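The next block holds one structure in the form of structure tokens; read it before the comments.
Predicted model, so just to flag it, every value in this text is computed and none were measured. All residue numbers in this chain count up from 1 along the given sequence.
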Amino acid sequence: MANIGVNELLFLLQGLKWTIALAAIGFVGGGIFGLGVALMRVSTHAVLWRSGAAYIAVFQGTPLLMQLFVVYYGIGLLGVNVDAWIAVAIAFTLHASAFLGEIWRGGIQSVPKGQTEAGKALGLHYVSRMNDVILPQALKISLPATIGFLVQLVKGTSLAAIVGFVELSRAGQIVSNQTFRPLMVFAIIGAIYFALCWPLSLWGASMERRLAKAAR
């Protein structure tokens, strides 16, 4: 058995870097597209509403692992030689946009209808009502659930290894195979994931308590 030295730890940190980068890209990209999905879901136009509902149903109703396979190999079938990094970034963005869209749809619909009616009475058009009245309140309401999803997204990045992407979990497998110390290696990886996710979970719980107090 080989010892886990500095080189192995640095390799794990390289994997951690890609885990954080992938989660950040998926969350930011998913947030941008997810906002559009949320607006489609609350639209009064039947085509937009049904399209948003279908999009969410597909990505919430299928495993993330399958989505990674479909994006990675599906793009390849189109004759495009895509790097694993780009494929997993696209897959995580699509996955996150469906979940964030549904979370924010709930937040938008939680805003009292009187807010919308007041905006209309003031002569605010749709974009102004959303930007200045509805969305700030909806995103605040949705913040605990949004943070909770971010935690799940960070942990979900471990599935990217299935298409050859070397993130933290895949880096751990490589180090484990080299050192023959799987228990120690994955204990370190577990501690790293915990250090990433636990503060986010505490933040989400704190925000939920604040919103509960404000609602009383």
Side-chain angles (χ1 to χ4, degrees), residues 19-62 64 67 89-158 193-216:
T19 287
I20 294 173
L22 180 56
I25 289 174
F27 187 73
V28 173
I32 294 171
F33 289 104
L35 181 58
V37 172
L39 293 176
M40 290 170 68
R41 289 283 282 121
V42 298
S43 173
T44 56
H45 296 282
V47 173
L48 290 177
W49 185 89
R50 289 173 181 169
S51 298
Y55 182 86
I56 289 172
V58 168
F59 284 96
Q60 287 194 352
T62 56
L64 175 56
Q67 294 166 20
I90 293 172
F92 272 86
T93 295
L94 295 174
H95 175 79
S97 66
F99 280 85
L100 290 174
E102 186 66 0
I103 290 170
W104 294 343
R105 186 273 310 164
I108 291 171
Q109 292 182 334
S110 296
V111 176
K113 291 184 178 180
Q115 301 284 333
T116 300
E117 294 169 358
K120 289 179 179 178
L122 291 172
L124 297 178
H125 55 75
Y126 177 80
V127 175
S128 294
R129 288 200 309 272
M130 279 294 173
N131 284 342
D132 301 327
V133 180
I134 306 300
L135 288 180
Q137 297 179 73
L139 294 178
K140 184 178 179 181
I141 293 170
S142 304
L143 190 56
T146 301
I147 296 170
F149 175 74
L150 176 58
V151 172
Q152 296 303 315
L153 192 66
V154 170
K155 292 186 288 186
T157 56
S158 60
Y193 274 118
F194 182 78
L196 277 176
C197 297
W198 188 54
L200 289 173
S201 298
L202 290 179
W203 182 29
S206 173
M207 292 301 303
E208 192 169 2
R209 286 193 298 270
R210 289 182 187 177
L211 288 173
K213 288 180 180 178
R216 291 175 185 173

Side chains of [X] and [Y] in contact at under 4.5 Å (non-hydrogen atoms):
X: Lys155; Y: Gln152; answer: yes
X: Asp132; Y: Leu124; answer: no
X: Leu64; Y: Phe92; answer: yes
X: Gln67; Y: Thr62; answer: yes
X: Leu100; Y: Phe27; answer: yes
X: Thr146; Y: Phe99; answer: no
X: Ile20; Y: Leu196; answer: yes

Where [X] and [Y] come nearest, the two heavy atoms and their spacing:
X: Arg129; Y: Thr116; answer: CD-O, 3.8 Å
X: Ala38; Y: Ile108; answer: CB-CD1, 4.2 Å
X: Met130; Y: Pro136; answer: O-CD, 3.7 Å
X: Cys197; Y: Val151; answer: CB-CG1, 3.8 Å
X: Gln60; Y: Ala98; answer: NE2-O, 3.9 Å
X: Gly204; Y: Pro144; answer: O-CB, 3.8 Å

Side chain to side chain donor-acceptor pair (under 3.5 Å) between Thr44 and Trp49, intermediate numbers included: CA-CA 7 Å; Thr44 56; Trp49 185 89; over 6 Å; no

One pair to check against side-chain contact (heavy atoms from CB on, under 4.5 Å): Leu48 and Leu39. What are the steps and the verdict?
CA-CA 9 Å; Leu48 290 177; Leu39 293 176; over 6 Å; no

| task | Ignoring hydrogens and angles, state whether a donor on the side chain of Tyr193 or Ser158 is under 3.5 Å from an acceptor on the partner side chain. | result | no

Distance-only polar pair, side chains of Gln115 and Gln137, donor-acceptor under 3.5 Å:
yes

Rounded to the nearest 0.5 Å, how far apart are [atom1] of [X] and [atom2] of [Y]?
X: Leu94; Y: Phe59; atom1: CG; atom2: CZ; answer: 4.5 Å
X: Arg41; Y: Gln109; atom1: CZ; atom2: CD; answer: 7.0 Å
X: Ser110; Y: Arg105; atom1: OG; atom2: CZ; answer: 8.0 Å
X: Lys120; Y: His125; atom1: NZ; atom2: NE2; answer: 14.0 Å

Would you find a donor on one side and an acceptor on the other, under 3.5 Å apart, between the side chain of Ser206 and the backbone of Leu202?
no

Query raised in the report: Yes or no on side-chain contact (heavy atoms from CB on, under 4.5 Å) for Leu153 and Leu22, after CA distance, side-chain angles and deciding distance?
Result: CA-CA 9 Å; Leu153 192 66; Leu22 180 56; over 6 Å; no

Do the ring planes of Trp198 and Phe194 sit parallel (below 30°), tilted (30 to 60°) or perpendicular (above 60°)? parallel

Exercise for review: Mind running side-chain contact (heavy atoms from CB on, under 4.5 Å) on Tyr55 and Ser97 for me, showing each step along the way?
Suggested key: CA-CA 9 Å; Tyr55 182 86; Ser97 66; 2.6 Å; yes

